[in-house]
Peer 1: 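My structure is below; once you've seen it, I'll send some questions.
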Amino acid sequence: RLAGLQSMMSNIETDTAAKELVFLALNDPHWSIREKAFQALKLVLPYREKKVKTMCIEAAIGDPKPQVRTAALNVLNSSFSADELIPFLQQKLADESYLVLGEALSGLYRLNPDLGVETALKYEKESSVVMTLKVCEIYANSGAENKTLFFKDNFEYFNGNNKSLVAKFWVEYLQKINYNTATLQALPVMEKATLLEKNWWIRFYLIDSLQQLQVFYQSQANEQPENLYFEVATEIEKAIDRILSEESNKKILHTYRQL
């Protein structure tokens with residue numbers, strides 16, 4: 001049944017029968033098919049928009065599987081903007097699943113950024129990786145004040161892919177706040193972590209994050225040469241050069257970018 005649903009998705013935007021089959025799949029006994037059907041609902045809109053919204057709300061409340069509740073919430077978050085959704089999303093912050101809670105927090109931020117940042121503050125010390133990364137993403141997008149230490153602590157705490165994700169959000173945050181001191185404080189922490197990282201693919205992502213930061217500051221320096229951006233861009237470039245002075249890191253960068 002899952003294969004059949006996936007094959008229909010190629011024609012769903014123009015095939016009314018395929019749209020109706022997606023609605024039927026929302027009640028399938030197997031949760032993975034229900035999840036896939038909710039993901040396909042984005043392609044169904046604006047067809048039967050009111051029904052889509054109603055079924056998403058019902059599933060977000062009552063489906064026993066958190067993956068399905070999360071998929072239903074994602075449709076609401078990405079496709080509807082009514083303020084009436086805010087109380088509902090706040091209600092979903094009490095869900096037992098961090099997957100659902102994270103999606104609800106994303107929706108709150110999209111509808112009301114100030115409320116989203118305020119709510120994210122409550123989850124800074126949550127033990128869930130999902131929630132920590134979601135808070136990082138919200139802070140990166142918003143440029144929330146005084147969150148450099150939050151990023152530093154989580155960057156040093158996490159390992160593997162999670163460390164690379166925190167690095168990505170940290171760099172985005174630094175670009176958003178555009179504060180030279182915060183970037184110069186973050187630089188040695190990122191450089192040290194990159195040099196000590198044993199997993200080559202994580203090292204690549206850390207180097208790539210630093211290079212993105214360097215490109216940003218170089219661009220700022222070109223636009224505002226009277227500012228200190230050039231000095232910061234130079235310091236980032238020096239850090240990258242020290243990292244790439246190790247031949248293995250040069251090979252990692254070259255190999256990964258050929259893929």
Side-chain angles (χ1 to χ4, degrees), residues 35 38-39 41-42 45 49 52-159 161-179 182-183 185-186 189 209:
E35 179 188 29
F38 275 106
Q39 292 169 352
L41 278 183
K42 295 177 185 179
L45 288 168
E49 184 172 313
V52 169
K53 185 176 181 181
T54 299
M55 296 192 76
C56 286
I57 290 174
E58 290 176 351
I61 294 172
D63 198 282
K65 285 292 185 178
Q67 294 91 336
V68 180
R69 298 197 300 276
T70 302
L73 267 183
N74 183 262
V75 177
L76 291 171
N77 287 342
S78 59
S79 304
F80 299 95
S81 299
D83 288 343
E84 67 192 56
L85 284 177
I86 290 179
F88 175 70
L89 292 171
Q90 289 174 313
Q91 174 190 338
K92 293 310 299 175
L93 290 172
D95 195 281
E96 63 185 16
S97 167
Y98 283 120
L99 285 175
V100 178
L101 202 156
E103 190 62 41
L105 185 58
S106 287
L108 270 183
Y109 176 73
R110 187 179 70 87
L111 291 174
N112 187 324
D114 289 340
L115 179 59
V117 171
E118 180 184 338
T119 305
L121 180 64
K122 301 174 184 177
Y123 297 98
E124 280 192 2
K125 299 186 183 301
E126 198 68 46
S127 60
S128 163
V129 173
V130 171
M131 290 308 300
T132 300
L133 292 177
K134 188 61 65 177
V135 173
C136 284
E137 182 179 15
I138 288 174
Y139 288 166
N141 289 334
S142 65
E145 293 184 7
N146 302 320
K147 298 305 177 185
T148 299
L149 185 59
F150 170 79
F151 280 101
K152 176 180 179 292
D153 288 346
N154 282 288
F155 179 77
E156 293 179 330
Y157 174 76
F158 283 119
N159 295 306
N161 290 331
N162 293 326
K163 180 184 281 290
S164 67
L165 286 171
V166 174
K168 170 183 176 294
F169 291 132
W170 195 3
V171 164
E172 291 175 1
Y173 175 75
L174 291 171
Q175 292 175 353
K176 190 77 173 181
I177 64 173
N178 201 6
Y179 183 42
T183 298
Q185 290 172 345
V189 179
S209 292

Peer 1: Strictly by modelled atom types, are Lys42 and Ser79 linked by a side-chain donor-acceptor pair under 3.5 Å?
Peer 2: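 No, Ser79 and Lys42 have no side-chain donor paired with an acceptor closer than 3.5 Å.
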Peer 1: Out of the candidates Asn74, Asp63, Asp95, only one should pair with Arg69 under the side-chain hydrogen bond (donor to acceptor under 3.5 Å, both in side chains) rule; please name it.
Peer 2: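 Single side-chain hydrogen bond (donor to acceptor under 3.5 Å, both in side chains) partner of Arg69 among Asn74, Asp63, Asp95: Asp95.
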Peer 1: Do Thr132 and Phe158 have side-chain heavy atoms sitting under 4.5 Å apart?
Peer 2: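 Of all side-chain heavy-atom pairs linking Phe158 with Thr132, at least one is under 4.5 Å.
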Peer 1: Sort and list the pairs that fulfil ring-ring contact (aromatic ring centres under 6.0 Å, His included) and have at least one residue in residues 117-143, not counting sequence neighbours.
Peer 2: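 Of all non-adjacent pairs touching residues 117-143, those that pass ring-ring contact (aromatic ring centres under 6.0 Å, His included) are Tyr139-Phe150.
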Peer 1: Let's go through Gln185 and Leu149 carefully: what are the C-alpha distance in whole Å and the side-chain angles of both, what is the deciding distance for side chain to side chain contact (heavy atoms under 4.5 Å, CB included) to 0.1 Å, and is it a yes or a no?
Peer 2: CA-CA 10 Å; Gln185 290 172 345; Leu149 185 59; over 6 Å; no
Peer 1: Please, which pairs that meet ring-ring contact (aromatic ring centres under 6.0 Å, His included) have at least one residue in residues 66-96, sequence neighbours excluded?
Peer 2: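 Qualifying pairs, neighbours excluded: none.
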Peer 1: Working note: Asn154 + Phe169, criterion side chain to side chain contact (heavy atoms under 4.5 Å, CB included); need CA distance, chi angles, decisive distance, verdict.
Peer 2: CA-CA 11 Å; Asn154 282 288; Phe169 291 132; over 6 Å; no
Peer 1: Under 3.5 Å, is there a donor-acceptor pair between the side chain of Lys92 and the main chain of Ala60?
Peer 2: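 Such a contact is found between Lys92 side chain and Ala60 backbone.
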Peer 1: Any idea which heavy atoms bring Ala182 and Thr148 closest together, and the distance?
Peer 2: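 Nearest pair, atom of Ala182 first, then Thr148: CB-OG1, 3.7 Å.
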Peer 1: How long is the gap from CG on Leu99 to NZ on Lys134, to the nearest 0.5 Å?
Peer 2: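 Reported to 0.5 Å precision, the distance equals 9.5 Å.
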Peer 1: Taking it one step at a time, do Cys136 and Trp170 satisfy side chain to side chain contact (heavy atoms under 4.5 Å, CB included)?
Peer 2: CA-CA 7 Å; Cys136 284; Trp170 195 3; over 6 Å; no
Peer 1: When rounded to the nearest 0.5 angstrom, what is the spacing between NZ in Lys122 and CG in Leu93?
Peer 2: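 It comes to 8.0 Å.
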Peer 1: Phe38 and Ala71: which non-hydrogen atoms are nearest, and at how many Å?
Peer 2: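 In this case the closest contact between Phe38 and Ala71 is CB-CB, 3.9 Å.
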Peer 1: How far apart are the C-alpha atoms of Lys53 and Glu84, what are their side-chain angles, what is the distance that settles it, and do they pass the salt bridge (Lys or Arg N to Asp or Glu O under 4.0 Å) test?
Peer 2: CA-CA 12 Å; Lys53 185 176 181 181; Glu84 67 192 56; 2.9 Å; yes
Peer 1: Mind listing the closest non-hydrogen atom pair of Leu73 and Ala104 along with its distance?
Peer 2: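 Closest pair (atom of Leu73, atom of Ala104, distance): CD1-N, 4.0 Å.
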Peer 1: Measure the OG1-CD1 distance between Thr119 and Ile138 for me, rounded to the nearest 0.5 Å.
Peer 2: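 Output value for this atom pair is 8.0 Å.
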Peer 1: If I compare all heavy atoms of Gly107 with all of Asn77, which pair ends up nearest, and what's the gap?
Peer 2: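 Closest approach of Gly107 to Asn77: CA-OD1, 3.2 Å.
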Peer 1: Taking all non-hydrogen atoms of both residues, which atom of Ala144 and which atom of Ile177 are closest, and how far apart?
Peer 2: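 Where Ala144 meets Ile177 most closely, the heavy atoms are O-CG2, 4.4 Å.
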Peer 1: Using every non-hydrogen atom in the two residues, find where Glu156 and Lys163 come nearest and quote the distance to one decimal.
Peer 2: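 Looking at all heavy atoms of both residues, the shortest contact is CA-NZ, 4.0 Å.
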Peer 1: Hey, which of Leu85, Leu108, Leu105 is the one that makes side chain to side chain contact (heavy atoms under 4.5 Å, CB included) with Gln90?
Peer 2: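 For Gln90, the side chain to side chain contact (heavy atoms under 4.5 Å, CB included) test succeeds with only one of Leu85, Leu108, Leu105, which is Leu108.
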Peer 1: Enumerate the residue pairs fulfilling side-chain hydrogen bond (donor to acceptor under 3.5 Å, both in side chains) with a member in residues 109-118, sequence neighbours excluded, ordered by first and then second residue.
Peer 2: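 Non-adjacent pairs meeting side-chain hydrogen bond (donor to acceptor under 3.5 Å, both in side chains): Ser81-Arg110.
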Peer 1: Report the distance from atom CD1 of Ile61 to atom SG of Cys56, rounding to the nearest 0.5 Å.
Peer 2: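 If we round to the nearest 0.5 Å, Ile61:CD1 and Cys56:SG are 11.5 Å apart.
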Peer 1: Does a salt bridge link Glu172 with Lys176, judged by any charged N lying under 4.0 Å from a carboxylate O?
Peer 2: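 Salt bridge: no.
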